[in-house]
Protein chains: 2
Amino acid sequence: MRRILLYRGSLLQLQALGVKRVYSYTLGKETGISAQQVRKDFSEYKIKGNQRGGYRVDELISEMENIFYKKGSQNIIIVGRGNIGSSLANYDNFIQRQINIVATFDIDPSKQRIRSEIPVYTMERMEEIIDRFGVRTAIIAVPDMAAQKVCDQLLGYGINGIINFAPVILKVSEDIIINNVNLSDEIESVIYCVSLTENECPE
Amino acid sequence: MRRILLYRGSLLQLQALGVKRVYSYTLGKETGISAQQVRKDFSEYKIKGNQRGGYRVDELISEMENIFYKKGSQNIIIVGRGNIGSSLANYDNFIQRQINIVATFDIDPSKQRIRSEIPVYTMERMEEIIDRFGVRTAIIAVPDMAAQKVCDQLLGYGINGIINFAPVILKVSEDIIINNVNLSDEIESVIYCVSLTENECPE
DNA sequence: CATTAGATGTGAAAAATATAACTATAAAAA
DNA sequence: TTTTTATAGTTATATTTTTCACATCTAATG
Ligand SMILES: NC(=O)c1ccc[n+]([C@@H]2O[C@H](COP(=O)([O-])OP(=O)(O)OC[C@H]3O[C@@H](n4cnc5c(N)ncnc54)[C@H](O)[C@@H]3O)[C@@H](O)[C@H]2O)c1
Ligand SMILES: NC(=O)c1ccc[n+]([C@@H]2O[C@H](COP(=O)([O-])OP(=O)(O)OC[C@H]3O[C@@H](n4cnc5c(N)ncnc54)[C@H](O)[C@@H]3O)[C@@H](O)[C@H]2O)c1
């Protein structure tokens, strides 16, 4: 699944370059995945290629759209319009992925005065907006201390998927999907790997 | 390794709450990992607990610091002081993780006028700064089209670890550590999982 | 038209990872 | 002091994931 998203990223790049067909090993090389793995993944999803000419790029992309976008474009919200929240709200390319940010929320009145394409609402309007747009998924971009509280609030309004940028482990019931994006960890793991490779060959 | 970072996150939370000892199953419950797995991971890193009283939180944390920070604090740079680049530059808590952002770079003169704790330099000064601060790891936060070019430039200056926020697959040699952080994918995978769980029980 | 080269597709083997079951041990209780 | 008990540590088992090997097919070629 992580790999399918990778393949698609690579395929979109290739498509932009005008490439029409790919072989499993081409795509593998692009994404750092073995050719067999690529084929296995495709066979998992019943994606068929041409046994001499590889796979058609446009066909693969649309197959992947099918996997992810059965439901069409999804409305989501962001809670916390600080640094991260604003970065995400300003990002233009989500819509290409059928990710539709309909609103952001912040407790701070000064943030509520922000004028931008994507509105900033007070926390009081959260339930109303969630209902109106049929929102199921939310992004938490509030300070660490506020994350659990905001999370509980969101769940109360029927949200069942959360992307959480706060480095705290949220307590939720089994059936809620949580994706913790910990940017410190992402950086730190690279630092760690770099220091490892340097030590492997000490001379 | 991903799990070790998770454990540490949870342990830091517990420590902040004044908790002194944890059992494998406590930590497991916190992080959504089985107790056996926790013990196995610890035994992997030769971390010892007390066979009746569990593990000491402070000991575990310092063991983990040992794993990650053998080298002490690491100087890193950010290329691209746009939305994401600025968010990261403004984030105060990296220093607690011994991640030390020493500089940011941007091609846009208006960005170079930003006044903040962390300076914004022109691209010309990159080599100088990398050398001066012994930087090994860099964050790429430039537009998609510029990412590969910036990447090549960084590698030319001796960088060997990259955290890449652009949704492009960078071409680099084997020995370079790349961590692609694709925020669209992070969001999309949650949307996908949510839609799956909704379909599992159609009635 | 038959042949061949170069792909895919897939079942089996291998490797990695996670789970379970068991043993050893330290602390608390009797 | 001995017994009990709860938990770490470890070995064995199961599961999942990846890789390998090869049969299969398609398009080009002579
Ligand atoms: N900025 C980064 O680079 C970065 C890196 C790693 C982790 N994080 C994490 O991401 C989260 C957000 O970081 P940030 O830098 O955007 O912080 P920020 O301070 O810039 O933004 C937080 C926003 O949340 C709002 N807020 C506070 N309490 C709230 C509440 N109860 N309800 C609604 N809104 C509330 C604030 O008004 C503010 O606008 C934090 O948990 C942080 O630890 C950020
Ligand atoms: N903002 C988001 O939420 C978000 C989400 C997903 C992915 N991304 C990706 O992250 C990257 C950065 O996004 P952003 O929103 O911060 O973009 P941005 O446009 O806000 O910032 C990019 C910065 O890079 C600078 N820049 C452009 N070319 C450069 C070059 N050759 N060398 C140095 N600097 C250069 C620009 O001047 C600008 O300041 C993009 O690849 C984007 O696709 C961003």
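Between the OH atom of A/Y25 and the C1' atom of C/dG6 there is a distance of 8 Å, given to the nearest Å. For the pair B/K48 NZ and C/dT25 P, the interatomic distance rounds to 11 Å; values are reported in whole Å. Computed from coordinates, the B/R21 CZ to D/dA6 P distance equals 17 Å when rounded to whole Å. The distance between atom CD of B/Q36 and atom P of D/dA14, rounded to the nearest whole Å, is 15 Å. The interatomic distance linking A/R56 (CZ) with C/dT8 (C1') rounds to 17 Å, in whole Å. For the pair A/K46 NZ and C/dT8 C1', the interatomic distance rounds to 15 Å; values are reported in whole Å.
Side-chain atoms of B/E186 and B/N182 include no donor-acceptor pair closer than 3.5 Å. Inspection of the A/T31 and A/S10 side chains reveals no N or O donor paired with an N or O acceptor under 3.5 Å. A donor-acceptor contact closer than 3.5 angstrom links the side chains of B/R81 and B/S116. A donor atom on one side chain and an acceptor atom on the other are not found under 3.5 Å apart for A/N83 and B/Y91.
As judged by a 4.0 angstrom heavy-atom cut-off over every strand, B/K40 is placed among the base-contacting residues. B/I47 comes within contact range of the sugar-phosphate backbone alone, with a heavy-atom separation under 4.0 Å but no base atom that close. Among the protein residues, B/R3 comes within range of the sugar-phosphate backbone only, with heavy atoms under 4.0 Å from sugar or phosphate atoms but none that close to a base. Across all strands, B/F42 comes closer than 4.0 Å to no nucleic acid atom at all (heavy-atom distances). Contacts of A/Y55 with the nucleic acid, taken as non-hydrogen atoms under 4.0 Å apart, involve only primed sugar atoms and P, OP1 or OP2.
Residues A/M126 and A/V79 are in side-chain contact: their nearest non-hydrogen atoms beyond the backbone lie under 4.5 Å apart. Counting heavy atoms from C-beta outward, B/V102 and B/N100 have side chains that approach closer than 4.5 Å.
Two residues, A/R2 and B/R39, neighbour DNA chain D, and the one matched to the more 5' nucleotide by heavy-atom proximity is B/R39.
Note on B/E188 versus A/R8: salt bridge recorded, some NZ/NE/NH1/NH2 to OD/OE distance being below 4.0 Å. With salt bridges taken as basic N to acidic carboxylate O contacts below 4.0 Å, one links B/R132 and B/E128.
Within the 4.0 Å cut-off from OP1 or OP2 of D/dG9, not a single side-chain nitrogen or oxygen of B/S43 is found. The phosphate of D/dA6 has neither OP1 nor OP2 within less than 4.0 Å of any side-chain N or O from B/Y23. A close approach under 4.0 Å does occur between a side-chain nitrogen or oxygen of B/S24 and OP1 or OP2 of D/dA8. The phosphate of D/dT19 (OP1 or OP2) has a side-chain N or O of A/S34 nearer than 4.0 angstrom. Remark: A/Q37 is in phosphate contact with D/dT18, judged by side-chain N or O atoms under 4.0 Å from OP1 or OP2.
With A/T26 contributing its side chain and A/V22 its backbone, the two residues share no donor-acceptor pair below 3.5 Å.
Of the residues in residues 59-68 of chain B, none has a non-hydrogen atom less than 4.0 angstrom from any atom of DNA chain D.
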Reading nucleotides 25-30 of chain D from the 5' end, what letters show protein touch, with B for base, S for backbone sugar-phosphate only, - for no heavy atom under 4.0 Å?
-> BBB---
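Residues B/Y23 and B/Y55 place their aromatic rings such that the two centres sit no closer than 6.0 Å.
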